[in-house]
Protein chains: 2
Amino acid sequence: MSDLLERLRGRGWRLTAQRRVVAEVLDGDHVHYTADEVHAKAADLLPEISRATVYNTLGELVSLGEVLEVSTDGRAKRYDPNAHHAHQHLVCSRCGTIRDVHPAGDLLADLPTEERFGFQVSAVEVTYRGVCPNCATA
Amino acid sequence: MSDLLERLRGRGWRLTAQRRVVAEVLDGDHVHYTADEVHAKAADLLPEISRATVYNTLGELVSLGEVLEVSTDGRAKRYDPNAHHAHQHLVCSRCGTIRDVHPAGDLLADLPTEERFGFQVSAVEVTYRGVCPNCATA
DNA sequence: ATCCTACATTGGACTTTGTCTAAGTCAAGA
DNA sequence: TCTTGACTTAGACAAAGTCCAATGTAGGAT
(Lines give C-alpha, C1' and ligand atoms only; values in the text may rest on other atoms or scores of the structure.)
Protein backbone atom coordinates (compact mmCIF):
# COMPACT_ATOMS: atom_id res chain seq x y z
CA MET A 1 0.00 0.00 0.00
CA SER A 2 3.00 2.30 0.33
CA ASP A 3 3.26 2.02 -3.47
CA LEU A 4 -0.17 3.54 -3.49
CA LEU A 5 0.93 6.62 -1.60
CA GLU A 6 3.90 7.11 -3.91
CA ARG A 7 1.71 6.62 -6.95
CA LEU A 8 -0.76 9.20 -5.70
CA ARG A 9 1.95 11.66 -4.82
CA GLY A 10 3.13 11.34 -8.43
CA ARG A 11 -0.35 12.40 -9.45
CA GLY A 12 -0.15 15.57 -7.42
CA TRP A 13 -1.80 14.27 -4.27
CA ARG A 14 -0.75 16.17 -1.20
CA LEU A 15 0.40 13.64 1.36
CA THR A 16 -1.18 14.28 4.75
CA ALA A 17 -1.25 12.24 7.93
CA GLN A 18 -4.98 11.70 7.47
CA ARG A 19 -4.66 10.30 3.98
CA ARG A 20 -1.78 8.10 5.04
CA VAL A 21 -3.87 6.62 7.83
CA VAL A 22 -6.88 5.97 5.61
CA ALA A 23 -4.66 4.20 3.09
CA GLU A 24 -3.16 2.13 5.88
CA VAL A 25 -6.58 1.04 7.13
CA LEU A 26 -7.50 -0.10 3.62
CA ASP A 27 -4.49 -2.36 3.29
CA GLY A 28 -5.14 -6.10 3.04
CA ASP A 29 -7.10 -8.85 1.33
CA HIS A 30 -10.86 -9.30 1.53
CA VAL A 31 -11.13 -5.85 3.09
CA HIS A 32 -14.58 -4.29 2.65
CA TYR A 33 -15.14 -1.69 5.33
CA THR A 34 -17.92 0.87 5.54
CA ALA A 35 -16.92 4.52 5.73
CA ASP A 36 -17.74 4.49 9.43
CA GLU A 37 -15.57 1.45 10.03
CA VAL A 38 -12.72 3.12 8.16
CA HIS A 39 -13.24 6.17 10.31
CA ALA A 40 -13.18 4.15 13.54
CA LYS A 41 -10.01 2.30 12.59
CA ALA A 42 -8.36 5.46 11.34
CA ALA A 43 -9.24 7.21 14.59
CA ASP A 44 -7.35 4.52 16.51
CA LEU A 45 -4.23 5.67 14.71
CA LEU A 46 -5.00 9.36 14.49
CA PRO A 47 -7.69 10.28 17.02
CA GLU A 48 -8.54 13.71 15.71
CA ILE A 49 -9.38 12.65 12.15
CA SER A 50 -12.84 13.81 11.15
CA ARG A 51 -15.58 11.89 9.39
CA ALA A 52 -15.66 14.43 6.58
CA THR A 53 -12.01 13.80 5.80
CA VAL A 54 -12.56 10.05 5.68
CA TYR A 55 -15.46 10.53 3.28
CA ASN A 56 -13.41 12.95 1.17
CA THR A 57 -10.43 10.65 1.03
CA LEU A 58 -12.47 7.57 0.19
CA GLY A 59 -14.21 9.52 -2.55
CA GLU A 60 -10.88 10.60 -4.00
CA LEU A 61 -9.48 7.08 -3.92
CA VAL A 62 -12.56 5.89 -5.77
CA SER A 63 -12.26 8.64 -8.41
CA LEU A 64 -8.61 7.79 -8.88
CA GLY A 65 -9.52 4.17 -9.44
CA GLU A 66 -7.53 2.92 -6.46
CA VAL A 67 -10.51 1.69 -4.47
CA LEU A 68 -13.88 0.27 -5.47
CA GLU A 69 -17.23 1.10 -3.95
CA VAL A 70 -19.46 -1.90 -3.38
CA SER A 71 -22.97 -1.94 -1.98
CA THR A 72 -23.99 -5.48 -1.25
CA ASP A 73 -26.79 -4.79 1.17
CA GLY A 74 -28.39 -1.50 0.20
CA ARG A 75 -27.18 0.07 3.41
CA ALA A 76 -23.78 1.68 3.84
CA LYS A 77 -21.37 1.53 0.93
CA ARG A 78 -18.23 -0.52 1.44
CA TYR A 79 -14.77 0.21 0.16
CA ASP A 80 -12.67 -2.46 -1.54
CA PRO A 81 -8.96 -1.67 -1.99
CA ASN A 82 -8.44 -4.56 -4.39
CA ALA A 83 -9.23 -2.40 -7.44
CA HIS A 84 -6.33 -3.56 -9.58
CA HIS A 85 -7.42 -7.19 -9.66
CA ALA A 86 -10.76 -7.80 -11.39
CA HIS A 87 -13.00 -9.75 -9.05
CA GLN A 88 -16.57 -10.20 -7.93
CA HIS A 89 -18.15 -10.72 -4.51
CA LEU A 90 -19.61 -13.59 -2.55
CA VAL A 91 -21.78 -12.49 0.36
CA CYS A 92 -23.17 -14.48 3.27
CA SER A 93 -26.92 -13.93 3.51
CA ARG A 94 -26.81 -14.37 7.27
CA CYS A 95 -23.77 -12.55 8.62
CA GLY A 96 -22.88 -10.33 5.67
CA THR A 97 -19.28 -11.55 5.33
CA ILE A 98 -17.83 -10.68 1.94
CA ARG A 99 -15.21 -12.64 -0.01
CA ASP A 100 -13.52 -11.66 -3.24
CA VAL A 101 -14.07 -14.32 -5.92
CA HIS A 102 -13.08 -14.91 -9.52
CA PRO A 103 -15.77 -16.42 -11.75
CA ALA A 104 -14.79 -18.31 -14.87
CA GLY A 105 -15.71 -17.17 -18.36
CA ASP A 106 -16.43 -13.80 -19.89
CA LEU A 107 -19.29 -12.32 -17.92
CA LEU A 108 -19.79 -9.42 -20.31
CA ALA A 109 -20.13 -11.78 -23.27
CA ASP A 110 -23.08 -13.48 -21.55
CA LEU A 111 -25.30 -10.53 -22.42
CA PRO A 112 -26.59 -11.04 -25.98
CA THR A 113 -26.67 -8.09 -28.36
CA GLU A 114 -30.44 -8.13 -28.54
CA GLU A 115 -30.53 -7.74 -24.76
CA ARG A 116 -28.36 -4.63 -24.77
CA PHE A 117 -31.02 -2.11 -25.83
CA GLY A 118 -28.41 -0.13 -27.74
CA PHE A 119 -26.27 0.46 -24.64
CA GLN A 120 -22.48 0.50 -24.92
CA VAL A 121 -21.93 -2.04 -22.16
CA SER A 122 -18.56 -1.68 -20.49
CA ALA A 123 -18.63 -3.32 -17.10
CA VAL A 124 -20.36 -5.95 -15.05
CA GLU A 125 -20.69 -6.45 -11.31
CA VAL A 126 -21.70 -9.79 -9.88
CA THR A 127 -22.80 -10.61 -6.36
CA TYR A 128 -23.14 -14.25 -5.42
CA ARG A 129 -25.21 -14.94 -2.34
CA GLY A 130 -25.19 -17.95 -0.07
CA VAL A 131 -24.50 -19.14 3.44
CA CYS A 132 -20.94 -19.20 4.72
CA PRO A 133 -19.53 -22.29 6.48
CA ASN A 134 -19.64 -20.52 9.80
CA CYS A 135 -23.33 -19.67 9.60
CA ALA A 136 -24.23 -23.05 8.06
CA THR A 137 -23.08 -24.96 11.15
CA ALA A 138 -24.40 -22.49 13.69
CA MET B 1 -51.41 -6.56 -11.43
CA SER B 2 -54.99 -7.16 -10.34
CA ASP B 3 -54.02 -10.84 -10.18
CA LEU B 4 -51.55 -9.75 -7.59
CA LEU B 5 -54.20 -8.24 -5.37
CA GLU B 6 -56.34 -11.37 -5.62
CA ARG B 7 -53.35 -13.53 -4.88
CA LEU B 8 -52.48 -11.53 -1.83
CA ARG B 9 -56.04 -11.51 -0.58
CA GLY B 10 -55.91 -15.28 -0.79
CA ARG B 11 -52.93 -15.13 1.51
CA GLY B 12 -54.84 -13.19 4.14
CA TRP B 13 -53.85 -9.72 3.08
CA ARG B 14 -56.36 -7.11 4.06
CA LEU B 15 -57.17 -5.13 0.95
CA THR B 16 -56.96 -1.41 1.61
CA ALA B 17 -57.07 1.60 -0.71
CA GLN B 18 -53.42 2.33 0.13
CA ARG B 19 -52.19 -1.11 -0.82
CA ARG B 20 -54.24 -1.07 -3.99
CA VAL B 21 -52.66 2.21 -5.01
CA VAL B 22 -49.11 1.04 -4.30
CA ALA B 23 -49.71 -2.09 -6.36
CA GLU B 24 -51.10 0.05 -9.17
CA VAL B 25 -48.02 2.29 -9.19
CA LEU B 26 -45.79 -0.77 -9.47
CA ASP B 27 -47.55 -2.07 -12.55
CA GLY B 28 -45.56 -2.21 -15.79
CA ASP B 29 -42.33 -3.27 -17.46
CA HIS B 30 -38.89 -1.91 -16.62
CA VAL B 31 -40.34 -0.26 -13.52
CA HIS B 32 -37.72 0.46 -10.84
CA TYR B 33 -38.95 3.25 -8.58
CA THR B 34 -37.47 4.36 -5.29
CA ALA B 35 -39.72 4.30 -2.25
CA ASP B 36 -40.06 8.07 -2.50
CA GLU B 37 -41.06 7.87 -6.14
CA VAL B 38 -43.65 5.26 -5.30
CA HIS B 39 -44.93 7.51 -2.55
CA ALA B 40 -45.17 10.52 -4.88
CA LYS B 41 -47.01 8.59 -7.57
CA ALA B 42 -49.26 6.93 -5.03
CA ALA B 43 -50.05 10.33 -3.51
CA ASP B 44 -51.30 11.51 -6.91
CA LEU B 45 -53.96 8.84 -6.68
CA LEU B 46 -54.57 8.96 -2.94
CA PRO B 47 -53.25 12.22 -1.51
CA GLU B 48 -53.37 11.30 2.16
CA ILE B 49 -51.24 8.18 1.90
CA SER B 50 -48.30 8.32 4.30
CA ARG B 51 -44.67 7.48 3.71
CA ALA B 52 -44.72 4.86 6.45
CA THR B 53 -47.50 2.98 4.70
CA VAL B 54 -45.60 2.98 1.42
CA TYR B 55 -42.52 1.63 3.18
CA ASN B 56 -44.59 -0.98 5.00
CA THR B 57 -46.35 -2.09 1.86
CA LEU B 58 -43.18 -2.30 -0.19
CA GLY B 59 -41.56 -4.31 2.58
CA GLU B 60 -44.47 -6.72 2.65
CA LEU B 61 -44.46 -7.16 -1.10
CA VAL B 62 -40.75 -7.97 -0.92
CA SER B 63 -41.25 -10.51 1.89
CA LEU B 64 -44.04 -12.12 -0.07
CA GLY B 65 -41.76 -12.44 -3.07
CA GLU B 66 -43.93 -10.28 -5.29
CA VAL B 67 -41.43 -7.47 -5.71
CA LEU B 68 -37.63 -7.36 -5.76
CA GLU B 69 -35.39 -4.84 -4.07
CA VAL B 70 -32.50 -3.63 -6.20
CA SER B 71 -29.80 -1.18 -5.25
CA THR B 72 -27.84 -0.23 -8.33
CA ASP B 73 -26.30 2.97 -7.06
CA GLY B 74 -25.77 2.64 -3.34
CA ARG B 75 -28.34 5.32 -2.72
CA ALA B 76 -32.05 4.65 -2.36
CA LYS B 77 -33.29 1.11 -2.94
CA ARG B 78 -35.50 0.56 -5.95
CA TYR B 79 -38.47 -1.76 -6.27
CA ASP B 80 -38.86 -4.09 -9.23
CA PRO B 81 -42.29 -5.68 -9.69
CA ASN B 82 -41.00 -8.20 -12.22
CA ALA B 83 -40.19 -10.76 -9.52
CA HIS B 84 -41.68 -13.76 -11.28
CA HIS B 85 -39.35 -13.59 -14.27
CA ALA B 86 -35.67 -14.15 -13.45
CA HIS B 87 -33.67 -11.26 -14.85
CA GLN B 88 -30.68 -9.03 -14.27
CA HIS B 89 -30.16 -5.28 -14.70
CA LEU B 90 -28.46 -3.01 -17.19
CA VAL B 91 -27.80 0.47 -15.82
CA CYS B 92 -26.78 3.65 -17.63
CA SER B 93 -23.72 5.13 -15.93
CA ARG B 94 -24.80 8.64 -16.88
CA CYS B 95 -28.55 8.93 -16.33
CA GLY B 96 -29.20 5.89 -14.15
CA THR B 97 -31.86 4.37 -16.41
CA ILE B 98 -32.39 0.68 -15.61
CA ARG B 99 -33.47 -2.05 -18.05
CA ASP B 100 -34.32 -5.64 -17.25
CA VAL B 101 -32.09 -8.03 -19.20
CA HIS B 102 -31.67 -11.78 -19.61
CA PRO B 103 -28.07 -13.00 -19.86
CA ALA B 104 -27.31 -16.33 -21.53
CA GLY B 105 -25.81 -19.27 -19.70
CA ASP B 106 -25.81 -20.41 -16.11
CA LEU B 107 -24.40 -17.57 -14.06
CA LEU B 108 -24.17 -19.61 -10.88
CA ALA B 109 -22.14 -22.31 -12.62
CA ASP B 110 -19.50 -19.71 -13.52
CA LEU B 111 -18.23 -19.72 -9.94
CA PRO B 112 -15.79 -22.63 -9.55
CA THR B 113 -15.95 -24.77 -6.44
CA GLU B 114 -12.51 -23.65 -5.30
CA GLU B 115 -13.77 -20.06 -5.40
CA ARG B 116 -16.73 -20.76 -3.13
CA PHE B 117 -14.87 -20.80 0.19
CA GLY B 118 -17.25 -23.48 1.49
CA PHE B 119 -20.32 -21.29 0.98
CA GLN B 120 -23.61 -22.85 -0.11
CA VAL B 121 -24.14 -20.48 -3.01
CA SER B 122 -27.78 -20.08 -3.93
CA ALA B 123 -28.27 -16.88 -5.89
CA VAL B 124 -26.50 -14.42 -8.10
CA GLU B 125 -27.22 -10.81 -8.98
CA VAL B 126 -25.65 -9.16 -11.99
CA THR B 127 -25.49 -5.49 -12.86
CA TYR B 128 -24.23 -4.55 -16.30
CA ARG B 129 -23.09 -0.97 -16.70
CA GLY B 130 -22.77 1.12 -19.81
CA VAL B 131 -24.04 4.19 -21.60
CA CYS B 132 -27.57 4.21 -22.96
CA PRO B 133 -28.31 5.35 -26.54
CA ASN B 134 -29.83 8.54 -25.26
CA CYS B 135 -26.79 9.61 -23.26
CA ALA B 136 -24.35 8.40 -25.94
CA THR B 137 -25.66 10.90 -28.50
CA ALA B 138 -26.13 13.79 -26.08
C1' DA C 1 15.38 27.53 6.78
C1' DT C 2 11.34 30.25 6.26
C1' DC C 3 7.44 31.95 3.96
C1' DC C 4 3.28 31.62 1.15
C1' DT C 5 -0.69 29.93 -0.56
C1' DA C 6 -3.50 26.72 -2.59
C1' DC C 7 -5.13 22.72 -1.02
C1' DA C 8 -6.67 19.89 2.99
C1' DT C 9 -9.04 19.32 7.40
C1' DT C 10 -12.43 20.24 10.85
C1' DG C 11 -16.94 20.30 13.31
C1' DG C 12 -21.30 20.96 12.91
C1' DA C 13 -25.42 21.86 10.44
C1' DC C 14 -28.06 19.86 6.98
C1' DT C 15 -30.14 16.31 3.66
C1' DT C 16 -31.68 11.90 2.31
C1' DT C 17 -33.36 7.50 3.22
C1' DG C 18 -35.45 4.63 6.18
C1' DT C 19 -37.50 2.89 10.90
C1' DC C 20 -40.39 3.13 14.94
C1' DT C 21 -44.32 4.25 17.92
C1' DA C 22 -48.67 5.56 19.94
C1' DA C 23 -53.08 6.75 18.69
C1' DG C 24 -56.75 6.59 15.57
C1' DT C 25 -59.23 4.06 11.58
C1' DC C 26 -61.32 0.48 8.98
C1' DA C 27 -61.91 -4.28 6.28
C1' DA C 28 -64.16 -8.15 6.64
C1' DG C 29 -65.87 -12.09 9.29
C1' DA C 30 -69.57 -13.17 12.88
C1' DT D 1 -74.27 -3.97 12.02
C1' DC D 2 -70.85 -4.83 15.27
C1' DT D 3 -66.41 -6.01 16.70
C1' DT D 4 -61.76 -6.57 16.58
C1' DG D 5 -57.30 -7.09 15.17
C1' DA D 6 -54.88 -5.52 11.44
C1' DC D 7 -53.82 -1.21 9.01
C1' DT D 8 -52.64 3.72 8.59
C1' DT D 9 -51.01 8.03 10.19
C1' DA D 10 -47.93 11.93 11.65
C1' DG D 11 -44.08 12.89 13.47
C1' DA D 12 -39.99 11.75 16.14
C1' DC D 13 -35.92 9.33 15.55
C1' DA D 14 -31.74 7.08 13.38
C1' DA D 15 -28.18 6.05 9.98
C1' DA D 16 -25.44 7.40 6.12
C1' DG D 17 -23.68 10.92 3.67
C1' DT D 18 -22.94 15.96 1.97
C1' DC D 19 -21.77 20.76 2.48
C1' DC D 20 -19.71 24.88 4.30
C1' DA D 21 -16.98 28.57 6.51
C1' DA D 22 -13.13 28.78 9.38
C1' DT D 23 -8.68 27.02 10.35
C1' DG D 24 -4.43 24.41 9.46
C1' DT D 25 -0.52 22.75 6.70
C1' DA D 26 2.41 20.36 2.70
C1' DG D 27 5.53 21.42 -0.20
C1' DG D 28 7.23 24.61 -3.81
C1' DA D 29 9.36 29.21 -3.98
C1' DT D 30 12.68 32.28 -2.12
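Letters A, B, ... are given to chains in the order of the sequence lines, protein chains preceding strands, and every chain is numbered from 1.
Heavy-atom nearest nucleotides on DNA chain D were determined for Arg9(A) and for Thr34(A), and the one closer to the 5' end corresponds to Thr34(A). The residue among Tyr55(B) and Ala17(A) whose nearest nucleotide of DNA chain C is located toward the 5' end is Ala17(A). Taking the nucleotide of DNA chain C with the nearest heavy atom to each of Arg75(B) and Arg14(B), the more 5' of the two is matched to Arg75(B).
Nearest to the side chain of Lys77(B), among dG18(C), dT9(C), dC7(D), sits dG18(C). Distance from the side chain of Arg51(B) is smallest for dG18(C) among the nucleotides dT9(D), dG17(D), dG18(C). Closest approach to the Ala35(B) side chain among dG11(C), dG18(C), dT9(D) is made by dG18(C) (side chain taken as heavy atoms from C-beta onward).
Between the CG atom of Asp36(A) and the P atom of dG17(D) there is a distance of 8 Å, rounded to whole Å.
In this structure, CG on Asp100(A) lies 4.5 Å from NE2 on His89(A), to the nearest 0.5 angstrom.
Here the two rings, on Tyr33(A) and His39(A), have centers that are 6.0 Å apart or farther.
Residue Thr16(A) places none of its side-chain N or O atoms closer than 4.0 Å to OP1 or OP2 of dA8(C).
Side-chain atoms of Asn82(B) and Leu68(B), non-hydrogen and from C-beta on, never get closer than 4.5 Å to each other. Using a 4.5 Å heavy-atom cutoff, the side chains of Thr72(B) and Ile98(B) are in contact.
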